[in-house]
Amino acid sequence: MVTYVTPVRHIEQIIEAARLLPVVVLNDADDAAPLGEALLEGGLRCVEVTFRTAAAAAAIRTLAKQSELLVGAGTVLTADQVDQAVDAGARFVVTPGFGPAVVRRCQELDVPVFPGVASATEIMMALDAGVHTVKFFPAEQLGGAAMVKALAAPFRSVRFIPTGGVTTDNLASYLALPAVLAVGGTWMVAPDLLAGRRWDEVRERTRAAVAAVASLRKDR
Ligand code: 3PG
């Protein structure tokens with residue numbers, strides 16, 4: 001198996017620089033190449049490909065060949081999927097909840113893992129496992145930025161990637177919080193756009209999100 005040993009910090013820096021992590025559900029691995037192009041043209045260089053479809057590993061393999069892109073695997077539920085993802089070229093792993101076996105396997109392979117958390121207890125489980133950057137999921141449904149702010153207060157070392165219900169219209173509330181590394185979601189790469197192979201629309205939604213993030217930087 002090919003493993004990519006990349007310091008966690010480096011991967012996080014790339015995601016933090018973008019402040020956006022598109023979450024992709026691809027049904028056809030042949031769509032991976034045009035999707036990667038659309039994201040790059042839209043101004044983003046990181047992407048999470050979810051293991052919700054059988055096309056995930058092949059799609060990661062294609063996207064990983066695009067050297068400008070940082071490709072990770074999402075919705076990773078088992079240690080076996082960690083192996084498949086890393087073998088395909090995934091350079092980080094995201095999970096919807098805290099799964100000790102998945103986290104352990106990522107750590108064995110030196111692959112950064114961002115487990116999902118929804119509560120203070122789950123954050124403490126992540127910290128016990130040595131993980132300080134977590135996905136907060138599903139963000140909007142759990143109370144949005146106010147909930148992230150409340151959870152961040154006791155956990156000073158924790159960085160969050162809120163995901164679930166995030167859009168260009170509400171990302172500012174999350175990104176205003178120092179504890180938020182980036183926001184994730186499917187809105188730039190929505191399933192209907194992928195189904196219709198509407199790469200121009202993917203590029204435009206990505207551009208709009210990137211522009212929204214850039215305008216926040218100016219406001220600071
Ligand atoms: C995820 O897996 O991270 C979420 O399903 C993304 O949620 P969204 O579709 O609301 O962006």
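In listed order, ligands and their atoms are each counted from 1. Quantities reported herein were computed from a predicted structural model and do not represent experimental measurements.
- The shortest N or O to N or O distance between Thr186 and ligand 1 is under 3.5 Å.
- Of the inter-residue distances, the one linking Leu70 atom CG with Ile15 atom CD1 reads 5.5 Å to the nearest 0.5 angstrom.
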Before you tell me yes or no, could you show the steps for Ile14 and Arg45 under side chain to side chain contact (heavy atoms under 4.5 Å, CB included), namely the whole-Å CA-CA distance, both residues' side-chain angles and the distance that decides it to 0.1 Å?
CA-CA 8 Å; Ile14 295 173; Arg45 50 173 300 219; 4.3 Å; yes

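- Looking from atom 4 (C) of ligand 1 to the surrounding protein, the closest heavy atom is Phe137 CE1, 3.5 Å.
- Between Thr163 and ligand 1, no N or O atom pair is found at a separation short of 3.5 Å.
- Counting protein heavy atoms only, atom 5 (O) of ligand 1 is closest to Arg52 NH2, 3.3 Å.
- Look at Glu48 and you'll find every heavy atom at least 4.0 Å from all atoms of ligand 1.
- Under the 4.5 Å side-chain contact rule for hydrophobic residues, Val183 and Val25 do not share a cluster.
- Remark: distances from the non-hydrogen atoms of Glu140 to ligand 1 are all 4.0 Å or more.
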Please step through salt bridge (Lys or Arg N to Asp or Glu O under 4.0 Å) for the pair Glu108 and Arg104, ending with a clear verdict.
CA-CA 6 Å; Glu108 281 166 9; Arg104 209 175 309 117; 5.9 Å; no

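- Residue Met124 qualifies as open at atom CE: its count of foreign heavy atoms under 6.0 Å is 12 or below.
- The ligand atoms of ligand 1 that sit less than 4.0 angstrom from a heavy atom of Gly185 are 11 (O).
- With Arg91 contributing its side chain and Ala64 its backbone, the two residues share no donor-acceptor pair below 3.5 Å.
- When non-hydrogen atoms are compared, ligand 1 lies under 4.0 Å from neither the backbone nor the side chain of Met188.
- Residue Leu181 holds its CG atom at 7.0 Å from CZ of Phe114, rounded to the nearest 0.5 Å.
- Residue Lys135 approaches ligand 1 through these ligand atoms, each under 4.0 Å from one of its heavy atoms: 1 (C), 2 (O), 3 (O).
- The CE atom of Met188 lies 8.0 Å from the CG atom of Leu39; values are rounded to the nearest 0.5 Å.
- Considering both main-chain and side-chain atoms, Gly165 comes within under 3.5 Å of ligand 1 through a nitrogen or oxygen pair.
- Atom 7 (O) of ligand 1 has its nearest heavy-atom neighbour, among Gly164, Pro191, Gly184, Pro138, in Gly164.
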